[in-house]
Amino acid sequence: MTEIRDLKYRQWFKGADVDGDGSITRHDVRLMGERYIAARGTGQQIATARQLTEGLDAFWATVIAPMDQDGDGKVDLREMTEGFRRALADPALYAQQVGPVADCYFDLIDLDGDDRVDQAEFAEIFGQAGNVSQEDCAAVFTALDLDGSGGMDRAEFHQALTEFFYGEDPNAPAAHLFGKIPG
């Protein structure tokens with residue numbers, strides 16, 4: 001495990017600690033989803049919103065909550081970093097650990113429902129709901145659009161998340177998916 005993954009996890013933590021109290025709780029995980037749903041304006045997409053909520057509940061129960069080493073119902077940065085190191089050690093488990101929640105996020109990000117995320121959709125969701133600067137959104141999106149089509153399909157999105165959670169390359173575009181990491 002390298003320092004680069006710890007830096008990426010710290011960026012993720014900053015976004016997941018929705019209330020900014022220095023820890024992640026089940027409430028933060030739900031609020032994280034609600035931010036995306038609100039940014040999406042998904043009143044007509046109730047099923048997707050419900051799937052995201054259920055997926056985040058499962059993500060909390062199976063990935064985040066077990067990181068709570070002291071049993072206080074909160075996961076601080078140290079607990080989360082150590083927990084991600086343990087839980088996200090094997091990229092072969094991506095489909096079970098991250099994939100279902102990632103699919104729900106993709107469906108919410110895909111604002112026009114064309115099964116691809118364009119730069120405007122990416123910037124709207126990651127900028128508003130993910131607290132990533134517009135400049136970072138534009139640079140990351142351009143780099144993640146592997147085929148240069150002007151949109152990320154579901155496979156490119158999953159590839160980006162796999163690189164973010166499991167990758168070791170500080171120069172990989174996905175390293176900055178949740179905000180620019182110090183380099």
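We find the CZ-CG distance between Phe122 and Leu177 to be 5.0 Å, quoted to the nearest 0.5 Å. One finds the CD atom of Glu121 at 8.5 Å from the CZ atom of Phe141 (value rounded to the nearest 0.5 Å). Taken to the nearest 0.5 Å, the CD atom of Glu79 stands 11.0 Å off from the CD1 atom of Ile64. Atom CG in Leu146 sits 9.0 Å away from atom CE in Met152 (nearest 0.5 Å). Within the model, atoms OG1 of Thr162 and CZ of Phe157 stand 10.5 Å from one another, a figure rounded to the nearest 0.5 Å.
In terms of heavy atoms, Leu88 sits closest to Arg5 at O-NH2, 2.7 Å. Closest heavy-atom contact between Ala174 and Ala160: CB-O, 3.2 Å. Nearest heavy atom pair, residue Glu163 against residue Asp169, reads OE2-N, 3.9 Å. Heavy-atom minimum distance, Trp60 versus Pro66: O-CD, 3.8 Å. When all heavy atoms of Phe13 and Ile24 are compared, the pair lying nearest together is CD1-CD1, 3.3 Å. Nearest heavy atom pair, residue Glu168 against residue Ile4, reads O-CG2, 3.1 Å.
Proximity of a side-chain donor or acceptor of Asp6 to a complementary backbone N or O of Arg10 within less than 3.5 Å is not detected. Panel note: side chain Gln11, backbone Ile181; no donor-acceptor pair is recorded below 3.5 Å. Here the side chain of Lys8 pairs a donor or acceptor atom with the backbone of Gly167 at under 3.5 angstrom. Within the 3.5 Å criterion, the main-chain N or O of Val18 finds a donor-acceptor partner in the side chain of Asp28. Between the side chain of Asp68 and the main chain of Asp72, a donor-acceptor pair closer than 3.5 Å is present. Side-chain N or O atoms of Asp115 include none that pairs as donor or acceptor with a backbone N or O of Arg154 at under 3.5 Å. When atom types are taken as modelled, the side chain of Glu156 and the backbone of Asp147 share a donor-acceptor pair closer than 3.5 angstrom.
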List the steps, then state whether side-chain contact (heavy atoms from CB on, under 4.5 Å) holds for His158 with Asp103. CA-CA 8 Å; His158 281 291; Asp103 279 331; 2.7 Å; yes

Applying side-chain contact (heavy atoms from CB on, under 4.5 Å) to Phe84 and Val63, what does each step give before you reach the verdict? CA-CA 8 Å; Phe84 270 5; Val63 178; 4.1 Å; yes

For Phe106 and Leu161, run side-chain contact (heavy atoms from CB on, under 4.5 Å): C-alpha distance rounded to whole Å, both residues' side-chain angles, the deciding distance at 0.1 Å, then the answer. CA-CA 11 Å; Phe106 183 90; Leu161 287 171; over 6 Å; no

Gln119 and Asp145: CA distance, side-chain angles, deciding distance, side-chain contact (heavy atoms from CB on, under 4.5 Å) verdict: CA-CA 9 Å; Gln119 186 169 348; Asp145 179 15; over 6 Å; no

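The aromatic rings of Phe165 and Phe178 sit tilted relative to each other, their planes meeting at an angle between 30° and 60°.
Under the side chain to side chain donor-acceptor pair (under 3.5 Å) criterion, Gln159 pairs with no residue at all, not counting sequence neighbours. Taking the side chain to side chain donor-acceptor pair (under 3.5 Å) definition, one finds that Ser23 meets it with Asp21, sequence neighbours left out.
Other residues, nucleotides and ligands contribute more than 12 heavy atoms inside 6.0 Å of the CZ atom of Arg26.
A salt bridge does not link Lys74 with Asp17: every distance from a Lys NZ or Arg NE/NH1/NH2 to an Asp or Glu carboxylate oxygen is 4.0 Å or more.
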